[in-house]
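Reckoned from all heavy atoms, side chains included, excluding hydrogens, waters and symmetry mates. Along the sequence shown, residues are numbered consecutively beginning with 1. In listed order, ligands and their atoms are each counted from 1. The shown structure was predicted, so the numbers you read here are calculated from the model rather than taken from an experiment.
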Amino acid sequence: MTLHRKTARGVQGLFITFEGGEGAGKSTQIARLAEHLRADGDDVLATREPGGSPGAEALRHVILSGSVEPFGPAMEALLFAAARNDHVEQVMRPALRSGRMVLCDRYIDSSRVYQGVTGDLDPDLMRAIERAAINGLMPDLTIILDLPAEVGLQRANARRGAGAADRFEKETIEMHARRRDAYLAIAAEEPERCKIIAADRPAGEIAREIAVLVDQLKVDRGMKARRAAEVFK
Ligand code: TMP
């Protein structure tokens, strides 16, 4: 039995991204969904941005240390894009091509929101950078974990404890609120791809809601039916 699936795009897994502000619970929900999918026989890759490949992890360290902040948001956006392109070409596209389910903690929408909206960058520049970074690799589904900025920040602070805040966590509550609005605006523009999930609820409840969404997507893409057919072969 093979877990590979034929879709209109060839043998391809689902590409699911998780987005939201600090403390929204992305990593918890990625772990829960990975567990759910594995129980259903899927081969899952859980990964993150910035990072996910050796080259991109090196850039992550540089970006989050704050040492490129003086270069300005446009140069920062280019570095995020360079990291993304390495991650896409070295890790995610090959994984999807071999039929794996890829769950990614942050992707293009983080750049659109953090650099594009709160970095006040030119939308045309952002679109061009995005195109170069992903070369057509759009998510099949983007889960936006939505949370009031104050709640997210409290959670992130509690989790960090005495540890140092990274370059982005240090910013103001107003900035976080603008980012929340920007995520909601993206979801309104791309309702097919982006699903908003209220994140100020028990983790188990959120995980079940996400599992239902993903199971439905698998049915829509003919993956569930094909799996059953393979099992009975
Ligand atoms: P993390 O805290 O979720 O690991 O993400 C690291 C920080 O990097 C987070 O504050 C958001 C920020 N970020 C961007 O500004 N642009 C991006 O494209 C990505 C992927 C992350």
Purely on distance, is any nitrogen or oxygen of [X] under 3.5 Å from one on ligand 1?
X: E22; result: yes
X: Y107; result: no
X: Y114; result: no
X: Q115; result: yes

**Asked** So, F80 versus Y114, ring centres under 6.0 angstrom or not?
**Response**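 So the answer is no for these two rings.
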**Message:** Looking at Q115 and A74, would you say the former's side chain and the latter's main chain have a donor-acceptor pair under 3.5 Å?
**Reply:**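 No, Q115 side chain to A74 backbone: no donor-acceptor pair under 3.5 Å.
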**Message:** Please state which option from H87, R106, E19, R179 has its nearest heavy atom closest to atom 5 (O) of ligand 1.
**Reply:**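 That would be R106.
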**Request:** Using heavy-atom distances, let me know which of K26, R84, R48, R60 sits nearest atom 4 (O) of ligand 1.
**Result:**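 That would be R60.
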**Request:** State whether R179 and E19 are salt-bridged, where the test is any N-O pair (Lys NZ or Arg NE/NH1/NH2 against Asp/Glu carboxylate O) under 4.0 Å.
**Result:**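 So R179 does not pair with E19 through a salt bridge.
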**Message:** Which of the numbered atoms in ligand 1 are under 4.0 angstrom from any heavy atom belonging to L64?
**Reply:**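 Close to L64: 6 (C), 7 (C), 8 (O).
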**Message:** Using a 4.0 Å cutoff against the non-hydrogen atoms of E49, which atoms of ligand 1 qualify?
**Reply:**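 Counting atoms of ligand 1 from 1, those under 4.0 Å from E49 are 20 (C).
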Considering all heavy atoms, the nearest [X]-[Y] contact:
X: R106; Y: K26; value: NH2-NZ, 3.3 Å
X: N85; Y: A132; value: ND2-O, 3.4 Å
X: R201; Y: R155; value: N-NH2, 4.4 Å

